[in-house]
Amino acid sequence: MKQLTIVGAGWAGLAAAVAATQAGWQVRLFEAAPLAGGRARSLQQNFAGKPLDNGQHVLIGAYRATLALMRSVGLDPNVLLQRCPLDLRFADGQGLHLPDWPLPINLLAGVGRAQGWHLKDKVSLIQASWRWQRAKFSCDDTWTVAQLCDAARLSPRVLQQLIEPLCLSALNTPVQQASATVFLRVLHDALLGGTGSSDLLVPRVDLGALLPDACLQWLTAHGADIHLGERVTVSTFEKLAQATSPTQSVLLACPPWEAARLTADIAPKWAYMCAELQHTAIATVYLRCTDAGFSGLPRPMMALYCDEQAPAQFVFDRGALTGQPGLLAAVVSACQGERDEVSEQVYDQVCEQLELTNLEVVQTVVEKRATLACLPMLNRPEPWVSQGVWACGDYISGPYPSTLEGAVRSGQQVVTQVG
C-alpha cells in the first residue's frame, strides 16, 4: 500500500489527507498545533458557551471543491452555512445587493436598484462588466486592480463601495497593489460559475465544526494515523525525505515559512522562494453589545465605510449566525495597525456607523501572516519540492488567491500528481 506522510493539518493538508485516503493511500498526518484548521480554526476561548474563531471567514457559492469536501466527510453545507445573495450594503442602505435570481438578471437588477448610486455609477459598472466579459476576464498581467478599474473607467463610488471591499475580502490586498489577473479570475468564477456562484456562505458554526473536526473523525475512521500537537523537526523531516520511494511520499501542507525551514538543506532554491513570499495580516475584533433592546443587526453581515482611521470592512452578527447573542465580529483585511490601535479604531467605527452605545471589546485576533500579498506577476512555488517530496497550500502556484478554496484545491490536486 502507498504511504503518504503529511506535515500540517490546515485545510490544504486535510483536503489532501481525505483525497489520498479515498485513493487508497495509508495516511500519516502531523500537526504542530493542538487543533486542526490552520489559519481557519477555532480558538480555545469561548463566548456564550461556544468557541470564538481565529478569524471571521466567508465562503462563496463558487467554492465547489470546499463544499464537495464537506459533503464527502459527512457534513451538510446547507445546515452549516447561511447562504444569501451577494449583499454589500452599508448601515445607511447604500451599496449593492443582488436579488436571488438567475444570472445575469440578478446583476442587472441589483445594479439598477443600488441605493445611493447615481446613473453614471451604474452605467460605469455595467460597461466595465461587459468589457471584462468580452475580454474573457483577462488583462495585462502587470496590472493592479486599481489600474484595471481606471482602464474600465469605473466611477469612484463603485470603486469604493464594491471593488475595494471585494478585493480586500478575496485577495486581502489593497486595490493599489492587488493583482488584477487574480481578481478577474475570482470575478469570473463568482459571476459565471452558474446559479448561486456569487452567493455569500457565512458559517453558522465555529470553524472547527465547519470542516476540520469532521475531517479528523473521517480520517480516523478510515485508518489514518493522526498526530496533533507534534511538530516535525528538521532532522525528522530529512529522515522522511530520505526514506521516500515510489510507494512512500512526503507532503508539506504547512505555512510557507515553516516549509522553508524544513527544506532549507534538501531544496534550497524552493525554500528560498517560500521564505521570500510577502504576507498581509487580517484582524478580527470581537465586540459585545449591551445596548438595551439590542436584538442583533438588520442583516447577519453588513459592510462598513472604511479609511485609515476606520479600518474594518465588514461586521458580522454572531448572535444571528452562531447563537452567541450580542457578539459582533468586525473584520479588518490587509490590516496594518497594532492590536490595541486597531481595537480602538474599530470600536469607534462600529459605534458610529451602527449607532450603538454600549460596546466592549471581547477579543482582538490578529493573524500577522494570514495570506499572501496577492501582487501582480507573483512568483509562487511549484508543488514539486524534491524527489518524493511535495507541497500544497494556498501559497503554492495556482490561479486562486489565499482562500480556503485555493487551499482545498491545492491539497486535492497534489494528490493526483503524487500518485
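Sequence positions, counted from 1, serve as the residue numbers for this chain.
Paired with F90 under the rule ring pair (Phe, Tyr, Trp, His ring centres under 6.0 Å), one option of F314, Y305, W117 passes, and it is Y305. Checking V331, V346, L297 one by one against V315, the side-chain contact (heavy atoms from CB on, under 4.5 Å) holds for a single residue, L297.
Within 6.0 Å of CD on Q278 lie no more than 12 heavy atoms contributed by other residues, nucleotides or ligands. Within 6.0 Å of atom CD in Q22, more than 12 heavy atoms from other residues, nucleotides or ligands are found, so the atom counts as buried in its surroundings. Heavy atoms of other residues, nucleotides or ligands lying less than 6.0 angstrom from CD of Q336 number 12 at most. Within a 6.0 Å radius of CZ in R288, other residues, nucleotides and ligands contribute 12 heavy atoms or fewer. More than 12 heavy atoms of other residues, nucleotides or ligands sit less than 6.0 Å from atom CD of Q45.
Put simply, the side chain of S410 gets close to the backbone of G393: a donor and an acceptor are under 3.5 Å apart. With hydrogens and angles disregarded, no donor-acceptor distance shorter than 3.5 Å links the side chain of S386 to the backbone of V389. Put simply, the side chain of E31 never gets that close to the backbone of L228: no donor and acceptor are under 3.5 Å apart. In terms of modelled atom types and a separation under 3.5 Å, the side chain of R185 and the main chain of P399 share no donor-acceptor contact. In terms of modelled atom types and a separation under 3.5 Å, the side chain of Q147 and the main chain of T144 share a donor-acceptor contact. A donor-acceptor contact shorter than 3.5 Å links the side chain of R339 to the backbone of T364. Within the 3.5 Å criterion, the main-chain N or O of P51 finds no donor-acceptor partner in the side chain of D206. A donor-acceptor distance shorter than 3.5 angstrom exists from the side chain of D317 to the backbone of A320, with no hydrogens or angles considered. Put simply, the side chain of S397 never gets that close to the backbone of P381: no donor and acceptor are under 3.5 Å apart. In this structure a side-chain-to-backbone donor-acceptor pair under 3.5 Å is missing from Q313 to L304.
A 4.5 Å side-chain heavy-atom check between R369 and T280 finds every atom pair outside the cut-off. Contact check for L359 versus Y347: side-chain heavy atoms found under the 4.5 Å cut-off. Considering only heavy atoms from C-beta on, P383 comes within 4.5 Å of V414 through its side chain. Two residues are said to be in side-chain contact when any heavy atoms from C-beta on lie closer than 4.5 Å; V285 and V342 meet this criterion. Side-chain contact between P99 and R113 is present, with at least one heavy-atom pair separated by less than 4.5 Å. When side chains are defined from C-beta on, R153 counts as touching R131, because their heavy atoms get closer than 4.5 Å. Taking 4.5 Å as the limit, every side-chain heavy atom of L201 sits out of range of all side-chain heavy atoms of I60. H227 has its side chain out of reach of L29: every pair of non-hydrogen atoms, C-beta onward, lies at least 4.5 Å apart.
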Exercise for the section: Determine, stepwise, if the pair S333 / S169 fulfils side chain to side chain donor-acceptor pair (under 3.5 Å). Expected result: CA-CA 6 Å; S333 296; S169 60; over 6 Å; no
Handout entry: Trace of the side chain to side chain contact (heavy atoms under 4.5 Å, CB included) decision for K368 with V366
Key = CA-CA 6 Å; K368 289 288 189 181; V366 181; 4.1 Å; yes
Handout entry: Test log, rule side chain to side chain donor-acceptor pair (under 3.5 Å), inputs T66 and E405
Key = CA-CA 6 Å; T66 303; E405 178 75 358; 2.6 Å; yes
Exercise for the section: Decide side chain to side chain donor-acceptor pair (under 3.5 Å) for N172 and T371; before the verdict, give the C-alpha distance in whole Å, the side-chain angles of both, and the deciding distance to 0.1 Å. Expected result: CA-CA 7 Å; N172 196 34; T371 70; 2.9 Å; yes
Problem - CA sep, side-chain torsions, deciding dist, call: R299, D87, salt bridge (Lys or Arg N to Asp or Glu O under 4.0 Å) - result: CA-CA 9 Å; R299 299 179 295 278; D87 191 339; 3.6 Å; yes
Exercise for the section: Could you walk me through whether R41 and E367 pass salt bridge (Lys or Arg N to Asp or Glu O under 4.0 Å), step by step? Expected result: CA-CA 12 Å; R41 66 187 185 279; E367 290 281 338; 3.5 Å; yes
Practice task
Verify salt bridge (Lys or Arg N to Asp or Glu O under 4.0 Å) between R83 and D100, making sure each step is shown before the conclusion.
Solution key: CA-CA 10 Å; R83 178 183 288 266; D100 190 13; over 6 Å; no
Exercise for the section: For side chain to side chain contact (heavy atoms under 4.5 Å, CB included), just list the numbers for T173 and C374, CA-CA rounded to whole Å, side-chain angles, deciding distance to a tenth of an Å, and then say yes or no. Expected result: CA-CA 6 Å; T173 308; C374 192; 3.7 Å; yes
Practice task
Test T181 against W143 for side chain to side chain contact (heavy atoms under 4.5 Å, CB included), laying out the working first.
Solution key: CA-CA 7 Å; T181 299; W143 277 9; over 6 Å; no
Practice task
Check the pair V158, S124 against side chain to side chain contact (heavy atoms under 4.5 Å, CB included), reporting the backbone distance first and the verdict last.
Solution key: CA-CA 8 Å; V158 173; S124 76; 4.0 Å; yes
Practice task
Decide yes or no on salt bridge (Lys or Arg N to Asp or Glu O under 4.0 Å) for D189 and R64, but give the supporting numbers first.
Solution key: CA-CA 10 Å; D189 288 1; R64 305 199 187 283; over 6 Å; no
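From T5, atom OG1 reaches atom CG of L251 across 9.5 Å, with rounding to the nearest 0.5 Å. Considering CG of L328 and CZ of R318, their distance stands at 10.5 Å, rounded to 0.5 Å. Of the inter-residue distances, the one linking R261 atom CZ with F237 atom CZ reads 10.0 Å to the nearest 0.5 angstrom. Taken from CG in D141 to CG in L378, the straight-line distance is 12.0 Å, to the nearest 0.5 Å. To the nearest 0.5 angstrom, D199 atom CG is 7.0 Å from C84 atom SG. Between the CD1 atom in I6 and the CH2 atom in W25 there is a gap of 9.5 Å [rounded to 0.5 Å].
Shortest non-hydrogen contact noted between M70 and L80 is CE-CD1, 4.0 Å. Summarising the geometry of A190 relative to S197, their closest heavy-atom pair is O-CB, 3.2 Å, with the distance given to 0.1 Å. Closest approach of L14 and A36 over heavy atoms only: CD1-CB, 4.4 Å. The shortest heavy-atom contact between P255 and Y395 is C-CE2, 4.2 Å. Closest non-hydrogen pair, A48 versus G323, comes out as CB-O, 4.5 Å. Here the closest heavy-atom approach between residue L67 and residue G61 is recorded as CD1-O, 4.1 Å.
Between W257 and H279, the ring-plane angle classifies as perpendicular under the 30° and 60° cut-offs.
Centroid-to-centroid, the aromatic rings of H188 and W132 stay 6.0 Å apart or farther.
The closest side-chain donor-acceptor pair between T322 and Q324 falls under 3.5 angstrom.
Residues satisfying the ring-ring contact (aromatic ring centres under 6.0 Å, His included) test with F47, not counting sequence neighbours, are none.
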